[in-house]
Student: 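Structure below; questions to follow.
Being a predicted model, the structure only gives us computed values, none of them experimental.
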Amino acid sequence: MDCEELIKSLWLRAEDNIRTIDREAKEEAARFEKEIILRINGLREEHAKKVAAESAKTSGHILSEAQNSVRLMRLANRRKLCDRFYRLARASLVLLRQRDHSEAFNALSMELPPLSWVSVRVNPDDAGTAQISFPGADIIPDERISGGMDVITGDNSVRVINTLEKRLERAWDDILPYLMEEYYEAV
């Protein structure tokens, strides 16, 4: 083989090697590209799952906060309604005076223990009836009392508040559920 044939043979082998290297490089690039695509898709899926989980967690938190806010608003509104009912009930006590209140006053005074009452606080309109029921006691007119009496013994050891206001206050926890039930049935 002469020199020219040797060079030609080397060129052919070099071209074959180049084609082989090129083909192998392209195959390696294709495999690498597929691997990258698979990794990217896996990362996208993983990211989508994380985003969905975080979104669900955030949505749950927001929903929970909204439900708590609604509960707090309902409680506040219910408290306002209860307070309003109480104010209305207390303001309505004066209507009980429209009937023959002296009978009611005497019934309330009969509930008191038989002690020596020296100070009797009453509605100004009941001062005369109080003078009869509590002879010798200091009768103190009090506009804040709609009916009944607030009495104290001479040594200040016993005080009995038997006013309509105090009776309403004591009974309020029993009355309120019925008022609320009627209110919500009517609404």
Student: Please say whether more than 12 non-hydrogen atoms of neighbouring residues, nucleotides or ligands are located less than 6.0 Å from CD in Glu4.
Tutor: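 No, the 6.0 Å shell around CD holds no more than 12 heavy atoms from other groups.
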Student: Hydrophobic clustering (ILVMFWY, side-chain heavy atoms < 4.5 Å, transitive) - are Phe105 and Leu112 grouped together?
Tutor: yes
Student: One thing to verify: whether Arg31 and Glu35 come together as a salt bridge, which I'm taking to mean a side-chain N less than 4.0 angstrom from a carboxylate O.
Tutor: no
Student: List the steps, then state whether side-chain contact (heavy atoms from CB on, under 4.5 Å) holds for Glu65 with Ile62.
Tutor: CA-CA 5 Å; Glu65 283 183 9; Ile62 290 170; 5.6 Å; no
Student: With hydrophobic residues grouped by side-chain heavy-atom distances under 4.5 Å, do Leu176 and Tyr86 end up in a single group?
Tutor: yes
Student: Hey, could you give me the CD1/CG distance between Ile145 and Leu93, rounded to the nearest 0.5 Å?
Tutor: 12.0 Å
Student: Would you mind listing every ring-ring contact (aromatic ring centres under 6.0 Å, His included) that reaches into residues 144-163, with sequence neighbours excluded?
Tutor: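 Of all non-adjacent pairs touching residues 144-163, none passes ring-ring contact (aromatic ring centres under 6.0 Å, His included).
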Student: Would you say Thr153's side chain and Val158's backbone share a donor-acceptor pair under 3.5 angstrom?
Tutor: yes
Student: Please identify each residue that fulfils salt bridge (Lys or Arg N to Asp or Glu O under 4.0 Å) with Asp155, with sequence neighbours left out.
Tutor: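 Scan of Asp155 (salt bridge (Lys or Arg N to Asp or Glu O under 4.0 Å), adjacent residues dropped) gives none.
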Student: Given a cutoff of under 4.5 Å between side-chain heavy atoms of I, L, V, M, F, W and Y, with clusters grown through shared members, what are the other residues clustered with Val118?
Tutor: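 None, because no other hydrophobic side chain comes under 4.5 Å of this residue.
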Student: Determine whether Asp83 and Arg87 satisfy the following criterion, salt bridge (Lys or Arg N to Asp or Glu O under 4.0 Å), listing intermediate values before the conclusion.
Tutor: CA-CA 6 Å; Asp83 291 346; Arg87 285 191 310 273; 5.1 Å; no
Student: Apart from Ile36 itself, what residues make up its hydrophobic cluster, given side-chain heavy atom links below 4.5 Å?
Tutor: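 ILVMFWY cluster around Ile36 also holds Phe32, Ile40.
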Student: Is the shortest heavy-atom distance from the side chain of Val122 to the side chain of Ile139 under 4.5 Å?
Tutor: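 Contact flag for Val122/Ile139 side chains = yes.
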Student: For Glu33, I'd like to know if atom CD has over 12 heavy atoms of other residues, nucleotides or ligands within 6.0 Å.
Tutor: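 No, because the 6.0 Å sphere around CD of Glu33 holds 12 heavy atoms or fewer from other groups.
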Student: With sequence neighbours excluded, what pairs up with Arg74 under the side chain to side chain contact (heavy atoms under 4.5 Å, CB included) test?
Tutor: Val70
Student: Considering residues, nucleotides and ligands other than Arg44, do more than 12 of their heavy atoms fall under 6.0 Å from its CZ?
Tutor: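 Open.
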Student: For Arg84, what residues pass the salt bridge (Lys or Arg N to Asp or Glu O under 4.0 Å) criterion, not counting sequence neighbours?
Tutor: none
Student: Within the 4.5 Å heavy-atom criterion, are Asn123 and Met149 side-chain neighbours or not?
Tutor: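 A side-chain contact is absent here, since even the closest heavy-atom pair is not under 4.5 Å.
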